[in-house]
Every structure is written in C-alpha cells, then in structure tokens.
Amino acid sequence: MASGRRGWTEMEVGADGVAVITIVHPPVNSLSYDVLNSFKENLERAIQRNDVKAIVVTGAKGKFSGGFDISAFSEIQAGKGVDKPKTSYLSIDMVTDVFEAARKPLVAAIDGLALGGGLELAMACHARICTSTAQLGLPELQLGILPGMGGTQRLPRLVGLPKALEMILTSKPVKGKEAHAVGLVDAIVPPDELIKSARLWALDIAENRKPWLITLYRNDKLESLAEARDIFKFVRAETRKRAANLQHPFVCIDCIEEGVVSGPRAGLRKESEASEILVRSDTSKSLVHIFFSQRATSKVPGITDLGLVPRRISKVAILGGGLMGSGIATALLLSNYTVILKEVNDKFLQGGVGRIKANLQSRVKKGKMTQENFEKTFSRLIGVLDYEQFRNVDMVIEAVIENISLKQEIFADLEKYCPPHCILASNTSTIDLNLIGQRTKSQDRILGAHFFSPAHVMPLLEIVRTQKTSPQVIVDLLDFGKKIRKTPIVVGNCTGFAVNRMFFPYTQSAFLFVDRGLDIYQIDHAITKFGMPMGPFRLVDLVGFGVGFATGAQYVENFPDRTYKAMLLPIMMEDKRAGEATRKGFYIYDDRRKAKPDPEIKKYVDKSRSMAGIAVDPNLSKVSDKDIVEMLFFPVVNEACRVLDEGIAVKASDLDIASVMGMGFPPYRGGVMFWADSIGARYICSRLEEWSKAYGDFFRPCAYLADRASKGASLSAPAEQMKSRL
Ligand SMILES: C[C@H](O)CC(=O)SCCNC(=O)CCNC(=O)[C@H](O)C(C)(C)COP(=O)(O)OP(=O)(O)OC[C@H]1O[C@@H](n2cnc3c(N)ncnc32)[C@H](O)[C@@H]1OP(=O)(O)O
C-alpha cells in the first residue's frame, strides 16, 4: 500500500464489456475515504468508457467489505478529521446520486463479509449475488451509531420492515441462504462462480434481460402505513425493555419511520443528520473504544512483537469434569477440538460427561445445533481415568478443586506423562501458579487459563503468566483463545488476577454500606439501573454463598489492609440460606427462579450491624442512585489502578475489556477505566478520601490514583506518557 493511503480500488475491464471494481484494503476491506474516493473515480471512468457496458463490485481476498473504516470515527471523536466530508456527502451525494444513479448497471459480488457500509454499498447496487457462506449485516448499533450510508432506508425496502428492524436492532448478520430467502440478495452461487455469475447478471441488466432495480425507490416489500405504525410501536416498546439506557436505537427507528412516512430522500437526510450527532456521542465513543480495545488485548508488548508463530494445538486434555471442567470441555468441543476428559473415578467421569452432553443438547433444543452435528461433536470427547492418553496431547487444562497440594501432585504427574512440548495450564482462580508448578522443572510451559463460569458461554479468558512462562506458550494460548472464540487478556500472577481482584471491592463495598445503613434492594436497583445485568446481592445469590464466601476469604487473607469482613453471609448461611440454589438468599425464588425481595432479610441485616459494632450513618438515608454507583464502583476503580500499577494488567484498555466481558460492566460506558476517566481522577479520589475518613481504610485511594488525581491526569494514560509529562 502506498504510504499514508488507506486502501484503494482496482478496476479490470474484460472483453465481455464488464468492468470489475475490487475493494482492496486489508485485512477486511473497510471503506476508508481513500477507498470510497478511489471507487468513485473508477466508477466514473467505467461509465465514460465506451467498451464498458456494466460493472461488478467486489472485495479482494474473498471479503466484500467489513464496513466503513471505524478508525475514522475515532479520529472524529478525538476532534481530528474536521476536514473529512460529512455523512450526507457519502450517503446522498456519493452512494445515492453517483453509485445508485449510475448510467450503467452495478452488481455486487459478495463473498465473506458485507457488513455496515459494505452492505450499504451493495444495497445501492442494482443486484446482489453472494455465496452461501457470506455474512451480511448492519452492526452499526454496536458502535453507538446507526447505518449512515442509506442502510436505514434501503434494507426495509429489500426485506420488509420486521426483518430489517430485527437485523439492525440486534446487529446480527444473516448468512447467504437466509439473505436470499428474505430478498436481500438475488442469487446464491458457489465461490468459484461468483464473479462470472455477477458479470452475466450485470450484462443481463444492461441488455434488458433482467430488471434494473433502484433499491431506494422500491416499495414492493414495504408494509402499509397502518401496519408500519403498529410495527414501530411494538419495536419501540421492546427496545425500551432491552436498551433502556440507550438513545441511538430509538433515533435509528425514527429514521426508518421517516423514510416510510415521508419518503426515502427525507429518510436519508434524517439518517445523515442523526449520524453526525451520534458519532460524537459518549455512547459511540465508549463503544468504539470497546471495539478497538477488544482487538488490542491480543497485542502484548514483549510477547506478540517477537515474531513468534503460534504452534498448532489439536488435542487437549482436561482434568476434572466439574462445573468448570465440563464447561471448558464444551467450549473446546464446539470449536472442533478433540478433548480427553480425565476424572478420578467412574462416577465422577460419568457426571462430567453427562454435564457436557447436557450443555450440547441444550444447543440442539434451542435450535443452535443439529442432532447430526451434536453426534459428531460429542464423539470427539474421550473420557479416561488414567494418564495413558496424555502421551500425545498438546495442552492440558487442569480444572480440579482449589487445593494446592493436589494441584502440585497433578502437575508433577503431568510432567511425567505429557510430551515435552505440551502446554500445562491451570484454571485456578486464586492459587499462585509458581506454587502449582513448584514440584516440576517445567515452569516455562506452565500458565493460567482462567475461564469464567459457565465456560462455554462467558466470552473472556484470562491468560495468567508467571515470570517464567515462555513467550511462545503465551502466543500459543492467545491463538488458541481466539480459536475457541474467547477474548483473551494476558495478566500477571496474583490473587484474583485482574477480574476477580477488581471486583472483590465491589461486593465488599456493598456489604460495608449495608452494615452502615444502606438497603440491599436499593443497592441492587441502582446498580441495575446503571446497566449491570444484576446487582451485587442478586449476583451473590446466583454464584452461591459458599463460593462467594470462599473467594472473599482469599482476598481477606491476601490483602488484609483493605478488606471489610462482613458477617452478613455467615449469619445467613447458618440459617441455611445459601443463594438461588437453595431458593433463599438475599431474595426468595419461585419455581421459575424469579427473584422476589424478602422482608425477613431485615433481621439478618440487623444482626450483622450489631455484630459489626459500627454505627449506622443517618446521612446514608439521603443517598441517590448515582451515589450508590460511585460507592460501589470507585473502590473498583481504585483496585484497577493498583492492578495496573503492579503490572498485573499491561494496559488500561485490557481492564475495560475484563470489566465488560468478565463482570458485565455496560459496554456503552466503555469499561471501568474509560468510565473512570470520563468522570475524572480528581473527583474519584476526593470521594474515596471522604469515605476513607468516614468509614476506614477500605476506601483509601492508592498511590497511582492519588498521583494522577493530583496531576489532573488520565488514569488510562500509559506510564511512559506520564514520564514525558514531567
Ligand atoms: C457509515 C456506516 O454505516 C458505518 C459503518 O459501516 S461502521 C462499521 C460496521 N462494521 C462493523 O461494525 C464490523 C466491525 N468488524 C468486525 O466485526 C470484525 O472485525 C470482522 C467480523 C469484520 C472481522 O473479524 P475477524 O476476522 O475476527 O478480525 P478482527 O480481529 O476483528 O479484525 C481484523 C482487523 O481489522 C480491523 N477492522 C475490522 N473491521 C474494521 C472496520 N470496519 N474499520 C476499521 N478496521 C476494522 C480490526 O480493528 C483489526 O485490526 P488489527 O488487526 O489492527 O487489530
């Protein structure tokens, strides 16, 4: 690529009179301004040339286009890119008035991805042909914006309102076959016939054998105005339930409605105006940050820049078929790995195999997997009771109970039975990996592979390295993580690693403030309103008091200087209340596991308060929901700063991803550090100091936070940047 140029298009004119314009912008052929300008130039040349009768548009290397160049949004959001053309220029002047209005027919030949602006460009063509594996979608809402190159107008006109609204509001792409069934594409062909078929189709349009259709002015799929009104009413109500804190889905629905009510040109104008505003919104800034941060987790300085090539992992053994082990095995089987599951006796083995089977069968029930595929997937699971089959595995993931001497014994055995190249991973969530590997000479190939429960559902994988873990093994696991469709973050070795460590203070703060006078249900309400999937007390119910208590104890033992020893859990456990599994925890649960507040909780809270021997603070009766959010999350920010300062996490954006994917922090707030920076270190530090004076050291701001607050600096700025400020 020429220096500074962000992609281009290439044109080749065949003897048949068809010009093929190919988008070239690796890796996903995103539509930068350079690509779009080059496309326009080539198109104008093709239109002028007498030897060109029709035009085919496609993308290089089997990918049509991954959409508009998202890095251009980052530039606009950072206050750069003022010289860039407005959305209305791209959408109306270029796509509508030049591409769709071209005097020669355009046919899109789609393989691989046609997402966002990529699909919008294809919809402005006069026909679309794709392969069965192509993926077509408008995922813009995931970035806090809306389809801004005419997607809100053209998609409903091709597939009807209900399908268009579903595709846009869920951001989910459809595969070729469905795209054809709903009318988004005109034909499906095998990949090696794609360009040939598109050429013929384009010539057929040019020579009047096939209709020349302008998508923007099609009405055949649109519902009547009365039907449309009902559909909009319904989707607005549904969206209110699912995305109460978000504005942009409603703005998007308004744009679609404008097109239906006032015509497509009015719809296009409204879409462009809304795009200009939304791209500068806090929601979009946060979601674009999450998009790039998620991709940045697999770039680890000093590891992934060494030129190491990931080794192939094909056979994996898992030790322990409990909840975690069976979840991990399910995740691996679903990504086509052969899995050996080892247990200590037949009863436990059958239990583990049964759990894996149930996980897979639930996919069949939900229609996510065919029975045939289930049989094939399940057949890749091999249950064993000894190490015989471990002689040719490429990786072992140990997922037994958290017992140091048991794990030490297992790792010494693994060293004996596994081949020397085999990666030895532990799913421990608390135990020091150096201790686990103490009785081996294989410390360079030992690391943590910390999954989150349920492991086949939760998207995050913490890769825990020790000082002795070799870079090659980390590179291997990063690649493996991607293959099993997890977002991996590389973290250092400490109690709780990044996610659990950041979130210990969250629950602890909740317990502390309950002892000080806050109401359990008020806390859960405020936190859910903020955007967490559930409040801390509902979460403890879900996880189970036993697990909550055991992990809390680890934290208390390792960080005694900043813990709050709440008595509420043990008091309730004495009364056989242990969470959702026992149907009674902080809530009571009916047969359908619906949670209901329980007035009886008061008696436990009163007892906990009297045992704590601290005074209830009358000021807490006046706190707002915003205060509650700060009271629980500022201690999280404080701990996140320590995690960063100690080098446990490499960069702040990794902690943003850890908080979003590991704990359900709302992505539209950008993750915990991004959110903290949007509030400002000074304010956070001053509130922590205030609580520290009133309630003790638990809240005391750490040196990193205090330092950045005093300098008025961002918490996410890398340390080197801070040095250059001095
Ligand atoms: C005006 C319009 O309406 C607005 C738009 O079109 S907004 C854009 C809409 N498109 C999207 O949201 C798609 C975003 N991209 C994706 O979902 C995924 O990247 C994908 C499905 C295209 C490919 O996934 P996968 O193969 O796993 O590759 P992935 O690692 O995600 O991406 C590869 C690289 O391409 C980059 N990339 C992907 N899509 C991009 C885009 N639209 N713009 C800029 N860069 C993009 C990624 O940042 C990554 O860069 P890196 O290697 O430097 O980290």
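For ligands, and for the atoms within them, numbers begin at 1 and follow the listed sequence.
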Is a salt bridge present between Lys651 and Asp656, judged by a nitrogen-to-oxygen distance below 4.0 Å? no
When you measure from the side chain of Asp93 to the backbone N and O of Ser91, does any donor-acceptor pair fall under 3.5 Å? no
For residues 37-47, tabulate all N or O donor-acceptor pairs below 3.5 Å that involve a side-chain atom, not counting sequence neighbours.
unit_1: Asn37; atom_1: ND2; unit_2: Tyr33; atom_2: O; d: 3.2
unit_1: Ser38; atom_1: OG; unit_2: Thr9; atom_2: N; d: 2.8
unit_1: Ser38; atom_1: OG; unit_2: Thr9; atom_2: OG1; d: 2.7
unit_1: Asn42; atom_1: OD1; unit_2: Arg45; atom_2: NH1; d: 2.6
unit_1: Asn42; atom_1: ND2; unit_2: Thr9; atom_2: O; d: 3.4
unit_1: Asn42; atom_1: ND2; unit_2: Thr9; atom_2: OG1; d: 2.8

Give a yes or no answer on whether the side chain of Arg380 reaches the backbone of Leu333 with a donor-acceptor pair at less than 3.5 Å. yes
Arg485 meets the side-chain hydrogen bond (donor to acceptor under 3.5 Å, both in side chains) criterion, sequence neighbours left out, with none
What pairs with Glu166 under side-chain hydrogen bond (donor to acceptor under 3.5 Å, both in side chains), at least two apart in sequence or on another chain? Lys163
Is there any protein N/O under 3.5 Å from an N/O of ligand 1, and what does the full list of such pairs look like?
unit_1: ligand 1; atom_1: 3 (O); unit_2: Glu120; atom_2: OE1; d: 2.6
unit_1: ligand 1; atom_1: 3 (O); unit_2: Glu140; atom_2: OE2; d: 2.5
unit_1: ligand 1; atom_1: 3 (O); unit_2: Gly148; atom_2: N; d: 3.0
unit_1: ligand 1; atom_1: 6 (O); unit_2: Phe68; atom_2: N; d: 2.8
unit_1: ligand 1; atom_1: 6 (O); unit_2: Gly117; atom_2: N; d: 2.7
unit_1: ligand 1; atom_1: 10 (N); unit_2: Gly66; atom_2: O; d: 2.9
unit_1: ligand 1; atom_1: 31 (O); unit_2: Arg295; atom_2: NE; d: 2.7
unit_1: ligand 1; atom_1: 31 (O); unit_2: Arg295; atom_2: NH2; d: 3.2
unit_1: ligand 1; atom_1: 42 (N); unit_2: Gly66; atom_2: O; d: 3.2
unit_1: ligand 1; atom_1: 42 (N); unit_2: Phe68; atom_2: O; d: 3.0
unit_1: ligand 1; atom_1: 43 (N); unit_2: Ile70; atom_2: N; d: 2.9
unit_1: ligand 1; atom_1: 54 (O); unit_2: Lys299; atom_2: NZ; d: 2.6

